[in-house]
Amino acid sequence: MPTNTKAAVIVFPGSNCDRDMKVALEAVTGTDVIMHWHRDTELPDVDLIAVPGGFSYGDYLRSGAMAANSPVMRTVVERANKGVPVLGVCNGFQVLTEAGLLPGALMRNAGLKFVCKDVWLKVENTDTPFTGAYSADQVIRIPVAHHDGNYFADDATLDRLEGEGRVAFRYCDPKGKVADEANPNGSRNNIAGIVNEAGNVLGMMPHPERLAEAALGGTDGKPLFDGLVAALH
């Protein structure tokens, strides 16, 4: 059923999960999603902005660093600061940290290898527009595919993130135990996703759009999109 939710997916040279994000968003909004080229600064008024996964600019210089300086990102930052929800997945998470919308950085995986597999996540905070359709401490299965997903922040930043409940998702085992063995990339505190101080910007390395319908092998990612659209109305 159409929800009249207007969403845009930002497309950079090297994005390769932009269509997956578009399909997932259109399935829950029932409305066409705008695919917005990064050079176009005139971003229409939208209710939601998604920064998809991929390898923007071939990950040259540093993952997400060049995309963060694309013309459209000035508008994305302005909209985020005005409260528009912004979702960054994988390379999108890297772009959001490079743009200063989220603290910390995504470093090379601790094992120095590309990791592509399903992981388990513990939902840490359901009081955000992105996680409201999950239950507290719910354990979900979501795929990861990255070479630079090792979340790092200094101790003071980590303390603030933890103290303010801004860790949205944490890597865990299938039973919800947060342990080093369940951490696919060496992220500090097993962090898989965080929100900004206002709660309207989420960055996460796992790909919820890749498990958003049964035909893909699971639907654990669908509540993220369902909850987000519900929060907008």
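In this structure, Tyr60 places its OH atom where only 12 or fewer heavy-atom neighbours from other residues, nucleotides or ligands lie under 6.0 Å away. For Asn81, the CG atom sits in a packed shell: over 12 heavy atoms of surrounding residues, nucleotides or ligands are nearer than 6.0 Å.
Put simply, the side chain of Asp40 never gets that close to the backbone of Glu42: no donor and acceptor are under 3.5 Å apart. Remark: side-chain polar atoms of Thr128 are paired, donor with acceptor, to backbone N or O of Thr131 under 3.5 angstrom. Between the side chain of Asn150 and the main chain of Ser187, a donor-acceptor pair closer than 3.5 Å is present. With hydrogens and angles ignored, the 3.5 Å screen pairs a side-chain donor or acceptor of Thr75 with a backbone N or O of Thr41. A donor-acceptor pair under 3.5 Å links the side-chain atoms of Arg170 to the main chain of Asn189, judged by distance alone. A donor-acceptor distance shorter than 3.5 angstrom exists from the side chain of Asn109 to the backbone of Gly149, with no hydrogens or angles considered. Here the side chain of Asn200 pairs no donor or acceptor atom with the backbone of Asn196 at under 3.5 angstrom.
The minimum heavy-atom distance linking Ala50 with Leu25 is given by the pair CB-CD1, 4.2 Å. The two residues Phe12 and Trp37 have their closest heavy-atom pair at C-CZ3, 4.0 Å.
Under the 4.5 Å side-chain contact rule for hydrophobic residues, Phe152 and Met204 do not share a cluster. Both Leu43 and Ile34 belong to a common hydrophobic cluster when Ile, Leu, Val, Met, Phe, Trp and Tyr are linked at side-chain heavy-atom distances under 4.5 angstrom. Under a hydrophobic-cluster definition in which Ile, Leu, Val, Met, Phe, Trp and Tyr are linked whenever side-chain heavy atoms come within less than 4.5 Å, directly or via other members, Val195 and Val167 are assigned to the same cluster. Hydrophobic clustering (side-chain heavy atoms under 4.5 Å, transitive across Ile, Leu, Val, Met, Phe, Trp, Tyr) keeps Leu211 apart from Ile140.
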| request: For the pair Ser63 and His147, evaluate side-chain contact (heavy atoms from CB on, under 4.5 Å) and give the outcome as yes or no after the intermediate values. | output: CA-CA 9 Å; Ser63 297; His147 200 264; over 6 Å; no
| message | Let's go through Asn185 and His146 carefully: what are the C-alpha distance in whole Å and the side-chain angles of both, what is the deciding distance for side-chain hydrogen bond (donor to acceptor under 3.5 Å, both in side chains) to 0.1 Å, and is it a yes or a no? | response | CA-CA 9 Å; Asn185 50 38; His146 57 248; 3.0 Å; yes
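Here the OG-CE distance, from Ser15 to Met35, works out to 8.0 Å after rounding to the nearest 0.5 Å. Remark: Asp18 CG to His36 NE2 distance equals 13.5 Å, nearest 0.5 Å. Going from atom CD of Glu98 over to atom CG of Asn91 covers 10.0 Å, rounded to the nearest 0.5 Å. A distance of 5.0 Å separates CZ of Arg79 from CG of Asp45, quoted to the nearest 0.5 Å. To the nearest 0.5 angstrom, Asn69 atom CG is 8.5 Å from Arg74 atom CZ. Remark: Thr29 OG1 to Lys22 NZ distance equals 9.0 Å, nearest 0.5 Å.
A parallel orientation is assigned to the rings of Phe93 and Tyr151, their planes being inclined by less than 30° (bins at 30° and 60°).
Within the 4.5 Å cutoff, the side chain of Leu48 has no heavy atoms near those of the Phe225 side chain. Two residues are said to be in side-chain contact when any heavy atoms from C-beta on lie closer than 4.5 Å; Leu121 and Tyr134 fail this criterion. In this structure, the side chains of Asn190 and Lys122 stay at 4.5 Å or more apart for every pair of heavy atoms.
At a cut-off of 3.5 Å, with distance as the only test, no side-chain donor of Asp148 or Gln94 sits close to an acceptor on the other residue.
Checked for salt-bridge contact, Arg141 and Asp220 miss the test: no charged N lies under 4.0 Å from a carboxylate O. For Asp155 and Arg188, the salt-bridge test passes: some basic side-chain N is under 4.0 Å from an acidic carboxylate O. The pair Lys222-Asp226 counts as a salt bridge, with a side-chain nitrogen and a carboxylate oxygen less than 4.0 angstrom apart.
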